[in-house]
Number of protein chains: 2
Amino acid sequence: MRLDRLDEQLLALLVADARRSYADLGARVGLTASAVKRRVDRLREGGAITGFTVTLDPAALGWTVEGYVELYCRSSTPPETIRAAVEQHAEVVDASTISGEADALLHILAADMRDFERVLERIGAEPFVARTKSVLVLSPLLRRGAGPRAV
Amino acid sequence: MRLDRLDEQLLALLVADARRSYADLGARVGLTASAVKRRVDRLREGGAITGFTVTLDPAALGWTVEGYVELYCRSSTPPETIRAAVEQHAEVVDASTISGEADALLHILAADMRDFERVLERIGAEPFVARTKSVLVLSPLLRRGAGPRAV
DNA sequence: CGTGAAATATAAATAGA
DNA sequence: TCTATTTATATTTCACG
(Lines give C-alpha, C1' and ligand atoms only; values in the text may rest on other atoms or scores of the structure.)
Protein backbone atom coordinates (compact mmCIF):
# COMPACT_ATOMS: atom_id res chain seq x y z
CA MET A 1 0.00 0.00 0.00
CA ARG A 2 1.37 3.36 -1.06
CA LEU A 3 1.00 6.40 1.20
CA ASP A 4 1.51 9.94 -0.01
CA ARG A 5 2.35 12.95 2.13
CA LEU A 6 -1.34 13.69 2.76
CA ASP A 7 -1.94 10.18 4.07
CA GLU A 8 1.01 10.50 6.43
CA GLN A 9 -0.27 13.84 7.68
CA LEU A 10 -3.70 12.36 8.30
CA LEU A 11 -2.21 9.41 10.18
CA ALA A 12 -0.15 11.72 12.37
CA LEU A 13 -3.21 13.85 13.14
CA LEU A 14 -5.31 10.78 13.94
CA VAL A 15 -2.66 9.27 16.19
CA ALA A 16 -2.63 12.52 18.15
CA ASP A 17 -6.42 12.70 18.31
CA ALA A 18 -8.66 10.16 16.62
CA ARG A 19 -11.76 12.16 17.48
CA ARG A 20 -11.13 15.04 15.11
CA SER A 21 -13.91 15.47 12.56
CA TYR A 22 -13.25 14.83 8.88
CA ALA A 23 -13.88 18.54 8.27
CA ASP A 24 -11.27 19.50 10.86
CA LEU A 25 -8.75 17.06 9.44
CA GLY A 26 -9.46 18.41 5.97
CA ALA A 27 -8.90 22.00 7.05
CA ARG A 28 -5.46 21.03 8.38
CA VAL A 29 -4.27 19.22 5.28
CA GLY A 30 -6.15 21.15 2.60
CA LEU A 31 -8.94 18.73 1.67
CA THR A 32 -12.71 18.59 2.04
CA ALA A 33 -14.34 16.36 4.60
CA SER A 34 -15.44 13.76 2.08
CA ALA A 35 -12.00 13.61 0.51
CA VAL A 36 -10.60 12.96 3.98
CA LYS A 37 -13.19 10.27 4.65
CA ARG A 38 -12.31 8.48 1.43
CA ARG A 39 -8.64 8.48 2.40
CA VAL A 40 -9.29 7.30 5.95
CA ASP A 41 -11.54 4.54 4.62
CA ARG A 42 -8.78 3.56 2.22
CA LEU A 43 -6.22 3.54 5.03
CA ARG A 44 -8.47 1.18 6.99
CA GLU A 45 -9.16 -1.12 4.03
CA GLY A 46 -5.47 -1.15 3.18
CA GLY A 47 -4.61 -2.23 6.71
CA ALA A 48 -2.53 0.80 7.68
CA ILE A 49 -5.11 1.74 10.32
CA THR A 50 -6.01 -1.37 12.31
CA GLY A 51 -8.48 0.25 14.69
CA PHE A 52 -9.61 3.13 16.87
CA THR A 53 -8.95 2.94 20.56
CA VAL A 54 -8.55 4.92 23.77
CA THR A 55 -5.26 5.32 25.56
CA LEU A 56 -5.45 4.68 29.29
CA ASP A 57 -3.33 5.83 32.16
CA PRO A 58 -2.13 2.64 33.92
CA ALA A 59 -1.59 4.50 37.20
CA ALA A 60 -5.13 5.94 37.17
CA LEU A 61 -6.46 2.41 36.73
CA GLY A 62 -4.40 1.02 39.58
CA TRP A 63 -1.57 -0.53 37.57
CA THR A 64 1.37 0.59 39.66
CA VAL A 65 4.07 -1.92 38.76
CA GLU A 66 5.57 -2.28 35.29
CA GLY A 67 8.30 -4.64 34.19
CA TYR A 68 9.88 -6.75 31.47
CA VAL A 69 10.43 -10.51 31.68
CA GLU A 70 12.82 -12.56 29.60
CA LEU A 71 11.71 -16.14 29.07
CA TYR A 72 14.27 -18.91 28.69
CA CYS A 73 12.48 -21.93 27.27
CA ARG A 74 13.37 -25.61 26.94
CA SER A 75 14.58 -26.44 23.46
CA SER A 76 12.12 -26.46 20.61
CA THR A 77 9.20 -24.71 22.26
CA PRO A 78 6.94 -23.48 19.44
CA PRO A 79 6.03 -19.75 19.58
CA GLU A 80 2.35 -20.67 19.69
CA THR A 81 2.88 -22.52 22.97
CA ILE A 82 4.41 -19.41 24.49
CA ARG A 83 1.66 -17.19 23.11
CA ALA A 84 -1.11 -19.39 24.46
CA ALA A 85 0.49 -19.39 27.91
CA VAL A 86 1.14 -15.66 28.25
CA GLU A 87 -2.27 -14.80 26.82
CA GLN A 88 -3.80 -16.27 29.99
CA HIS A 89 -2.42 -13.39 32.00
CA ALA A 90 -4.10 -10.02 31.49
CA GLU A 91 -0.99 -8.39 32.98
CA VAL A 92 1.00 -9.25 29.84
CA VAL A 93 0.49 -6.31 27.48
CA ASP A 94 3.10 -7.25 24.91
CA ALA A 95 5.05 -10.40 24.04
CA SER A 96 7.50 -11.34 21.28
CA THR A 97 9.98 -14.05 20.52
CA ILE A 98 13.45 -12.53 20.29
CA SER A 99 16.99 -13.20 19.11
CA GLY A 100 19.77 -13.68 21.64
CA GLU A 101 19.99 -15.91 24.68
CA ALA A 102 16.40 -15.53 25.86
CA ASP A 103 13.55 -16.90 23.76
CA ALA A 104 10.84 -14.35 24.47
CA LEU A 105 10.37 -10.93 26.03
CA LEU A 106 7.19 -10.00 27.89
CA HIS A 107 6.03 -6.52 28.83
CA ILE A 108 4.03 -6.60 32.07
CA LEU A 109 1.65 -4.18 33.80
CA ALA A 110 0.62 -5.36 37.25
CA ALA A 111 -1.59 -3.97 39.98
CA ASP A 112 1.16 -4.17 42.59
CA MET A 113 4.31 -6.06 43.42
CA ARG A 114 2.40 -9.09 44.70
CA ASP A 115 0.48 -9.25 41.42
CA PHE A 116 3.72 -8.98 39.44
CA GLU A 117 5.29 -11.76 41.49
CA ARG A 118 2.23 -13.95 41.08
CA VAL A 119 2.34 -13.63 37.28
CA LEU A 120 6.06 -14.34 37.31
CA GLU A 121 5.55 -17.49 39.39
CA ARG A 122 2.72 -18.77 37.26
CA ILE A 123 4.58 -18.23 34.00
CA GLY A 124 7.76 -19.67 35.50
CA ALA A 125 5.79 -22.77 36.45
CA GLU A 126 4.87 -23.51 32.83
CA PRO A 127 6.50 -26.78 31.77
CA PHE A 128 8.26 -25.22 28.79
CA VAL A 129 9.88 -22.43 30.85
CA ALA A 130 13.40 -23.17 32.07
CA ARG A 131 13.87 -19.84 33.84
CA THR A 132 12.93 -16.18 33.74
CA LYS A 133 14.85 -12.98 34.22
CA SER A 134 12.94 -9.84 34.99
CA VAL A 135 13.56 -6.14 35.41
CA LEU A 136 11.26 -3.52 36.87
CA VAL A 137 10.50 -0.20 35.22
CA LEU A 138 11.77 2.62 37.41
CA SER A 139 10.35 5.54 35.44
CA PRO A 140 8.76 5.72 32.01
CA LEU A 141 10.67 8.13 29.75
CA LEU A 142 8.75 7.96 26.50
CA ARG A 143 5.46 6.38 25.51
CA ARG A 144 4.86 6.86 21.81
CA GLY A 145 3.01 3.71 20.79
CA ALA A 146 3.49 2.73 17.15
CA GLY A 147 2.71 6.12 15.72
CA PRO A 148 3.96 7.17 12.31
CA ARG A 149 7.42 8.65 12.05
CA ALA A 150 7.35 12.43 12.38
CA VAL A 151 6.43 13.83 8.97
CA MET B 1 -10.42 8.16 41.07
CA ARG B 2 -12.92 5.42 41.78
CA LEU B 3 -14.26 3.22 38.96
CA ASP B 4 -17.33 1.04 39.26
CA ARG B 5 -18.18 -1.99 37.16
CA LEU B 6 -19.95 0.14 34.55
CA ASP B 7 -16.87 2.32 34.08
CA GLU B 8 -14.70 -0.76 33.59
CA GLN B 9 -17.12 -2.15 31.04
CA LEU B 10 -17.12 1.14 29.15
CA LEU B 11 -13.31 1.25 29.15
CA ALA B 12 -13.09 -2.30 27.82
CA LEU B 13 -15.58 -1.48 25.04
CA LEU B 14 -13.74 1.71 24.13
CA VAL B 15 -10.35 -0.01 24.05
CA ALA B 16 -11.82 -2.52 21.60
CA ASP B 17 -13.43 0.20 19.47
CA ALA B 18 -13.31 3.86 20.40
CA ARG B 19 -15.67 4.77 17.56
CA ARG B 20 -18.77 3.22 19.04
CA SER B 21 -21.55 5.76 19.58
CA TYR B 22 -22.69 6.67 23.08
CA ALA B 23 -26.04 5.08 22.27
CA ASP B 24 -24.35 1.81 21.26
CA LEU B 25 -22.18 1.80 24.38
CA GLY B 26 -25.25 2.52 26.47
CA ALA B 27 -27.19 -0.36 24.94
CA ARG B 28 -24.38 -2.74 25.92
CA VAL B 29 -24.09 -1.63 29.53
CA GLY B 30 -27.69 -0.62 30.22
CA LEU B 31 -27.48 3.17 30.19
CA THR B 32 -28.75 5.97 27.98
CA ALA B 33 -26.42 7.79 25.63
CA SER B 34 -26.25 10.87 27.78
CA ALA B 35 -25.43 8.86 30.90
CA VAL B 36 -22.61 7.20 28.97
CA LYS B 37 -21.31 10.56 27.80
CA ARG B 38 -21.23 11.85 31.35
CA ARG B 39 -19.20 8.82 32.44
CA VAL B 40 -16.79 9.03 29.53
CA ASP B 41 -16.31 12.76 30.16
CA ARG B 42 -15.63 11.94 33.80
CA LEU B 43 -13.14 9.24 32.84
CA ARG B 44 -11.31 11.80 30.70
CA GLU B 45 -11.34 14.52 33.36
CA GLY B 46 -10.20 12.02 35.97
CA GLY B 47 -7.25 11.00 33.81
CA ALA B 48 -8.20 7.35 33.30
CA ILE B 49 -8.66 7.99 29.57
CA THR B 50 -5.68 9.97 28.31
CA GLY B 51 -6.73 10.19 24.69
CA PHE B 52 -8.33 8.75 21.59
CA THR B 53 -6.04 7.37 18.94
CA VAL B 54 -5.74 5.03 15.97
CA THR B 55 -3.75 1.82 16.05
CA LEU B 56 -1.46 1.37 13.07
CA ASP B 57 0.04 -1.71 11.46
CA PRO B 58 3.82 -1.17 11.52
CA ALA B 59 4.31 -3.55 8.60
CA ALA B 60 1.76 -1.74 6.43
CA LEU B 61 3.64 1.49 7.08
CA GLY B 62 6.97 0.01 6.13
CA TRP B 63 8.32 -0.67 9.62
CA THR B 64 9.79 -4.12 9.12
CA VAL B 65 12.35 -4.38 11.91
CA GLU B 66 11.50 -4.36 15.60
CA GLY B 67 13.87 -4.68 18.52
CA TYR B 68 14.75 -3.85 22.11
CA VAL B 69 17.88 -2.03 23.21
CA GLU B 70 19.37 -2.02 26.68
CA LEU B 71 21.31 1.12 27.50
CA TYR B 72 24.27 1.00 29.86
CA CYS B 73 25.07 4.56 30.92
CA ARG B 74 28.01 6.22 32.61
CA SER B 75 27.41 6.75 36.31
CA SER B 76 24.91 9.37 37.41
CA THR B 77 23.21 10.03 34.10
CA PRO B 78 19.88 11.73 34.92
CA PRO B 79 16.77 10.11 33.35
CA GLU B 80 15.95 13.39 31.64
CA THR B 81 19.23 13.25 29.72
CA ILE B 82 18.33 9.80 28.43
CA ARG B 83 14.80 10.88 27.56
CA ALA B 84 15.96 13.93 25.62
CA ALA B 85 18.38 11.81 23.60
CA VAL B 86 16.05 8.95 22.68
CA GLU B 87 13.22 11.37 21.89
CA GLN B 88 15.29 12.56 18.92
CA HIS B 89 14.73 9.24 17.21
CA ALA B 90 11.24 8.60 15.86
CA GLU B 91 12.09 4.88 15.80
CA VAL B 92 11.98 4.76 19.61
CA VAL B 93 8.37 3.97 20.48
CA ASP B 94 8.89 3.27 24.17
CA ALA B 95 11.62 3.97 26.71
CA SER B 96 11.97 3.44 30.46
CA THR B 97 14.67 3.42 33.08
CA ILE B 98 14.89 -0.03 34.64
CA SER B 99 16.30 -1.96 37.56
CA GLY B 100 19.12 -4.43 37.02
CA GLU B 101 22.44 -4.05 35.25
CA ALA B 102 21.23 -1.91 32.36
CA ASP B 103 19.96 1.61 32.99
CA ALA B 104 17.27 1.91 30.35
CA LEU B 105 15.31 -0.22 27.93
CA LEU B 106 14.19 1.09 24.53
CA HIS B 107 11.59 -0.43 22.25
CA ILE B 108 12.44 0.28 18.60
CA LEU B 109 10.50 0.13 15.35
CA ALA B 110 12.71 0.69 12.31
CA ALA B 111 12.09 0.79 8.58
CA ASP B 112 14.74 -1.86 7.89
CA MET B 113 17.93 -3.30 9.31
CA ARG B 114 20.02 -0.36 8.08
CA ASP B 115 17.65 2.03 9.84
CA PHE B 116 17.83 -0.02 13.03
CA GLU B 117 21.61 -0.06 12.89
CA ARG B 118 21.75 3.67 12.25
CA VAL B 119 19.62 4.42 15.34
CA LEU B 120 21.76 2.05 17.40
CA GLU B 121 24.93 3.79 16.26
CA ARG B 122 23.61 7.26 16.92
CA ILE B 123 22.35 6.41 20.39
CA GLY B 124 25.54 4.51 21.16
CA ALA B 125 27.50 7.63 20.20
CA GLU B 126 25.81 9.72 22.90
CA PRO B 127 28.43 10.77 25.46
CA PHE B 128 26.49 9.31 28.39
CA VAL B 129 26.14 5.85 26.78
CA ALA B 130 28.81 3.35 27.78
CA ARG B 131 27.45 0.49 25.68
CA THR B 132 24.26 -0.99 24.31
CA LYS B 133 22.92 -4.51 24.05
CA SER B 134 20.15 -5.21 21.59
CA VAL B 135 17.85 -8.03 20.58
CA LEU B 136 15.64 -8.30 17.52
CA VAL B 137 12.00 -9.31 17.60
CA LEU B 138 11.55 -12.54 15.69
CA SER B 139 7.76 -12.71 15.82
CA PRO B 140 5.21 -10.72 17.78
CA LEU B 141 3.08 -13.01 19.95
CA LEU B 142 0.73 -10.60 21.68
CA ARG B 143 0.01 -6.92 21.26
CA ARG B 144 -2.50 -5.78 23.84
CA GLY B 145 -1.51 -2.21 24.61
CA ALA B 146 -2.39 -0.98 28.08
CA GLY B 147 -6.01 -2.09 28.01
CA PRO B 148 -7.93 -2.72 31.20
CA ARG B 149 -7.77 -6.13 32.76
CA ALA B 150 -10.50 -8.45 31.51
CA VAL B 151 -13.67 -7.64 33.43
C1' DC C 1 -29.86 9.05 35.50
C1' DG C 2 -33.35 9.86 31.73
C1' DT C 3 -35.73 12.78 28.14
C1' DG C 4 -36.02 15.59 24.26
C1' DA C 5 -34.52 19.10 20.99
C1' DA C 6 -30.97 21.91 18.74
C1' DA C 7 -26.35 21.83 16.89
C1' DT C 8 -23.07 19.06 14.71
C1' DA C 9 -21.04 15.24 12.20
C1' DT C 10 -21.34 11.40 9.12
C1' DA C 11 -22.52 8.74 4.96
C1' DA C 12 -24.10 8.01 0.45
C1' DA C 13 -25.30 9.68 -3.94
C1' DT C 14 -24.33 12.90 -7.49
C1' DA C 15 -21.65 15.86 -10.35
C1' DG C 16 -17.33 17.92 -11.95
C1' DA C 17 -12.16 18.19 -12.92
C1' DT D 1 -9.85 8.26 -10.87
C1' DC D 2 -9.87 11.61 -7.63
C1' DT D 3 -12.19 15.51 -5.39
C1' DA D 4 -16.27 18.68 -4.33
C1' DT D 5 -21.16 19.35 -3.29
C1' DT D 6 -25.51 18.08 -1.75
C1' DT D 7 -28.84 15.84 1.04
C1' DA D 8 -30.53 12.41 4.27
C1' DT D 9 -29.37 10.13 8.38
C1' DA D 10 -27.12 9.62 12.77
C1' DT D 11 -24.66 11.38 16.63
C1' DT D 12 -23.32 14.60 19.99
C1' DT D 13 -24.45 17.94 23.25
C1' DC D 14 -26.94 20.32 26.77
C1' DA D 15 -30.76 22.24 29.55
C1' DC D 16 -34.30 20.42 32.30
C1' DG D 17 -37.10 16.99 35.06
Side-chain angles (χ1 to χ4, degrees), chain A residues 1-62 145-151, chain B residues 1-63 111 145-151:
Chain A
M1 172 172 203
R2 274 189 64 87
L3 304 183
D4 64 14
R5 177 151 300 275
L6 251 39
D7 290 320
E8 287 174 1
Q9 287 180 40
L10 290 174
L11 287 178
L13 287 167
L14 285 171
V15 166
D17 179 6
R19 268 195 151 186
R20 274 194 251 262
S21 72
Y22 293 128
D24 180 34
L25 292 168
R28 291 168 192 268
V29 303
L31 292 176
T32 60
S34 79
V36 172
K37 175 176 167 25
R38 286 179 67 117
R39 279 177 181 262
V40 173
D41 286 345
R42 211 169 52 82
L43 289 167
R44 298 188 70 177
E45 311 258 325
I49 294 176
T50 55
F52 293 75
T53 189
V54 290
T55 53
L56 304 176
D57 176 13
L61 294 168
R149 194 184 303 240
V151 279
Chain B
M1 171 173 205
R2 273 188 64 85
L3 304 184
D4 64 15
R5 177 152 301 275
L6 251 38
D7 290 321
E8 286 174 4
Q9 286 179 38
L10 289 173
L11 287 178
L13 288 167
L14 286 171
V15 166
D17 179 7
R19 264 193 156 186
R20 274 195 253 261
S21 71
Y22 292 128
D24 180 34
L25 292 168
R28 291 166 192 270
V29 302
L31 292 176
T32 60
S34 76
V36 172
K37 175 175 165 31
R38 269 194 291 270
R39 279 174 181 264
V40 173
D41 286 346
R42 201 178 119 262
L43 290 168
R44 298 187 70 178
E45 312 257 326
I49 294 177
T50 55
F52 292 75
T53 188
V54 290
T55 53
L56 304 175
D57 176 14
L61 295 168
W63 270 245
R149 194 183 304 239
V151 279

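Note on naming: letters A, B, ... go to the chains in the order of the sequence lines (proteins, then strands), and numbering restarts at 1 for each one.
Distances shown here put every side-chain N or O of A:Tyr22 at or beyond 4.0 Å from the OP1 or OP2 atom of C:dA9. For the OP1/OP2 pair of D:dT13 and a distance below 4.0 Å, the side-chain nitrogens and oxygens of B:Lys37 include at least one atom meeting the criterion. For A:Arg39, a side-chain nitrogen or oxygen approaches OP1 or OP2 of D:dT3 to under 4.0 Å.
When side chains are defined from C-beta on, B:Asp4 counts as touching B:Arg39, because their heavy atoms get closer than 4.5 Å. B:Met1 places a side-chain heavy atom less than 4.5 Å from the side chain of B:Leu43. Residues B:Gln9 and B:Leu6 meet the side-chain proximity criterion, which asks for heavy atoms closer than 4.5 Å. Looking at A:Leu56 and B:Leu14, their side chains never come closer than 4.5 Å, going by heavy atoms from C-beta outward. Residues A:Leu61 and B:Leu11 have side chains in contact (heavy-atom distance under 4.5 Å, counting atoms from C-beta outward).
Between B:Arg42 atom CZ and D:dT13 atom P the separation is 17 Å, expressed in whole Å. As a whole-Å value, the separation of B:Arg20 CZ from D:dT12 C1' is 18 Å. Rounded to a whole Å, the CG atom of A:Leu31 is 13 Å from the P atom of D:dC2. Counting to the nearest Å, the C1' atom of D:dC2 and the CZ atom of A:Arg2 are 16 Å from each other. Regarding B:Asp24, its CG atom lies at a distance of 13 Å from the C1' atom of D:dA10, rounded to whole Å. Distance CG (B:Leu25) to P (C:dC1): 14 Å, rounded to an integer number of Å. What separates CG of A:Asp4 from P of D:dC2 is a distance of 11 Å, to the nearest Å.
In the set C:dG2, D:dT3, C:dA9, the nucleotide with an atom closest to the side chain of B:Ala35 is C:dG2. Here D:dT11 is the nucleotide among C:dG2, D:dA4, D:dT11 with the atom lying nearest to any side-chain atom of B:Ser21. Distances were taken from every side-chain heavy atom of A:Arg38 (C-beta onward) to each of C:dG2, D:dT11, D:dT3; the shortest belongs to D:dT3.
Between the base of C:dT3 and the side chain of B:Ser34 there is a donor-acceptor pair shorter than 3.5 Å.
Residue whose closest nucleotide on DNA chain C sits further toward the 5' end, between B:Leu6 and B:Arg19: B:Leu6.
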